[in-house]
There are 2 protein chains.
Amino acid sequence: MFSKTTEYGIRAMIFIMSNSLQDKRVRLKEIAAAIDSPESFTAKILQNLSKANVVDSVKGPHGGFEINKDKMQTLTLIDVVIALDGNKLFEGCGLGLKACNSEKPCPLHQHFLEVRTKITAMLVENKIIDLAQDLQTGLSFLKQ
Amino acid sequence: MFSKTTEYGIRAMIFIMSNSLQDKRVRLKEIAAAIDSPESFTAKILQNLSKANVVDSVKGPHGGFEINKDKMQTLTLIDVVIALDGNKLFEGCGLGLKACNSEKPCPLHQHFLEVRTKITAMLVENKIIDLAQDLQTGLSFLKQ
DNA sequence: TTTATTTAAGATAAACTTGTCCTAAATAGA
DNA sequence: TCTATTTAGGACAAGTTTATCTTAAATAAA
Ligand code: SF4
Ligand code: SF4
């Protein structure tokens with residue numbers, strides 16, 4: 001469903017948030033270890049999320065990644081997905097037609113709209129902060 | 001959502017079915033033109049669908065692709081998706097964890113299950129023959 | 001039996017995603 | 001100021017998906 005980029009991105013964000021909730025900044029190494037992801041690839045992903053202002057980074061000793069107070073309450077999964085994959089998941093015809101045209105719909109038009117609505121709802125409704133809280137409570141895990 | 005392979009595969013199957021409904025066999029060239037897909041790539045996809053007994057093929061002059069009477073009423077989208085992409089869409093953790101373990105769920109466990117259920121339902125409920133009928137009626141289109 | 005037509009099969013190429021590595025820039029602390 | 005630490009950025013490598021090309025096999029019709 002998601003690209004590897006987005007999978008790692010979401011996992012990283014949940015881990016960083018769970019630390020930011022305790023005012024802890026975390027380094028790339030800790031993140032990659034916690035979510036069991038390739039370190040350099042994760043670096044690239046966090047770089048992009050940082051550019052998109054989804055995560056905050058600090059260079060140098062005691063540096064690392066964190067999520068600033070102002071964003072904490074509002075960040076949802078859709079912010080992460082859009083920052084990394086753009087609107088790919090939401091725009092364009094689900095069957096690959098060149099355009100998405102309701103006047104000239106593909107055979108699955110209505111059905112695709114429903115599935116997409118479901119996915120979008122899931123992404124909009126899930127705040128990173130809530131997912132991070134589940135993680136801290138031991139209700140969920142970021143690696144097996 | 002789907003791979004290009006599956007997108008072309010579904011479109012091809014709907015087109016072939018709409019012809020089989022009129023007892024017409026169609027050649028690769030006609031299929032690729034009708035669904036606006038790369039010809040050789042479409043050939044490979046049809047080859048796989050044929051091996052999986054999802055479509056029927058005949059070699060030589062007056063040959064081409066068709067769907068046998070016995071399958072016509074029962075074929076649904078999920079047959080095409082599984083023949084081409086396997087169970088990728090349905091198995092494994094949506095967040096990319098190494099295993100899908102309800103005892104040790106990822107933070108999106110329940111939400112992923114719901115989305116997957118929705119997608120699976122869409123694939124199971126849609127018969128190729130009904131989609132082909134919409135196409136013939138001019139209610140839907142396979143290219144823009 | 002020969003030829004033309006059509007799918008099957010396999011090799012190869014191009015494009016994209018995923019992953020690595022090396023150097024630069026920033027910054028904290030000695 | 002110098003050094004160690006950490007992210008940023010760019011180049012590159014590996015892997016996967018998408019796409020093409022060429023030859024083989026099947027078969028209908030002349
Ligand atoms: S049918 Fe649905 S998916 Fe296909 S083009 Fe129209 S809106 Fe897009
Ligand atoms: S949480 Fe959902 S997606 Fe993740 S492992 Fe469990 S079932 Fe699979």
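Just so it is clear, the model here is predicted, and its values are computed rather than measured. Note on naming: letters A, B, ... go to the chains in the order of the sequence lines (proteins, then strands), and numbering restarts at 1 for each one.
Whole-Å rounding puts the A/I45 CD1 to C/dT18 C1' distance at 9 Å. C/dG10 atom P lies 17 Å from atom CZ of B/F41, rounded to whole Å. One interatomic measurement links the two molecules: NZ of A/K4 to C1' of D/dG15, which rounds to 13 Å at whole-angstrom precision. The nearest whole Å value for the distance from the CD atom in A/E39 to the P atom in D/dA8 is 14 Å. B/L84 has its CG atom 14 Å from the C1' atom of D/dT18, to the nearest Å. Rounded to whole Å, the distance from CD on A/E7 to C1' on C/dG19 is 15 Å. Atom pair B/Y8:OH and D/dT17:C1' shows a separation of 11 Å (rounding to whole Å applied). Distance B/N53 CG to C/dA8 P: 13 Å, rounded to the nearest Å.
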Expected string for nucleotides 21-29 of chain D under the B/S/- scheme (protein heavy atoms, under 4.0 Å, primed atoms plus P, OP1, OP2 as sugar-phosphate) is B----BBBS
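Considering only side-chain N and O atoms, A/Q47 lies under 4.0 angstrom from the phosphate OP1 or OP2 of D/dG9. Taking side-chain N and O atoms only, A/S57 has no distance below 4.0 Å to OP1 or OP2 of D/dT6. In this model, the phosphate group of C/dT17 is not approached by any side-chain N or O of A/T5 to a distance below 4.0 Å at OP1 or OP2.
Listed by chain and number, the residues in a side-chain contact (heavy atoms from CB on, under 4.5 Å) with B/S140 are A/P107, B/D134, B/L135 (sequence neighbours excluded). Applying the salt bridge (charged side-chain N to carboxylate O under 4.0 Å, His left out) rule to A/K29 yields the partners A/E39; only residues at least two apart in sequence or on another chain are considered. Shown here are the side-chain contact (heavy atoms from CB on, under 4.5 Å) partners of A/D56, two or more places apart in sequence or in another chain: A/N53, A/E66, A/N68, A/K71.
Judged by distance alone, with hydrogens and angles left aside, the side-chain atoms of A/N126 form a donor-acceptor pair with the main-chain N or O of A/M122 at under 3.5 Å. B/T42 places no side-chain N or O within 3.5 Å of a backbone atom of B/A32 that could act as its donor or acceptor partner.
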Output, in order, the C-alpha distance, side-chain angles, deciding distance and verdict of side-chain contact (heavy atoms from CB on, under 4.5 Å) for A/L123 and A/L89.
-> CA-CA 11 Å; A/L123 295 176; A/L89 207 60; 4.3 Å; yes
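Of the residues in residues 21-37 of chain B, not one comes within less than 4.0 Å of DNA chain D through any heavy atom.
Side-chain atoms of A/S3 and A/T6 include a donor-acceptor pair closer than 3.5 Å.
Listed by first then second residue, pairs satisfying ring-ring contact (aromatic ring centres under 6.0 Å, His included) with a partner in residues 62-96 of chain A number zero, not counting sequence neighbours.
Between the CD atom of B/Q73 and the CG atom of B/D130 there is a distance of 8.5 Å, given to the nearest 0.5 Å.
Heavy-atom distances to DNA chain C give each of A/F2 and B/L46 a nearest nucleotide, and the one nearer the 5′ end belongs to B/L46.
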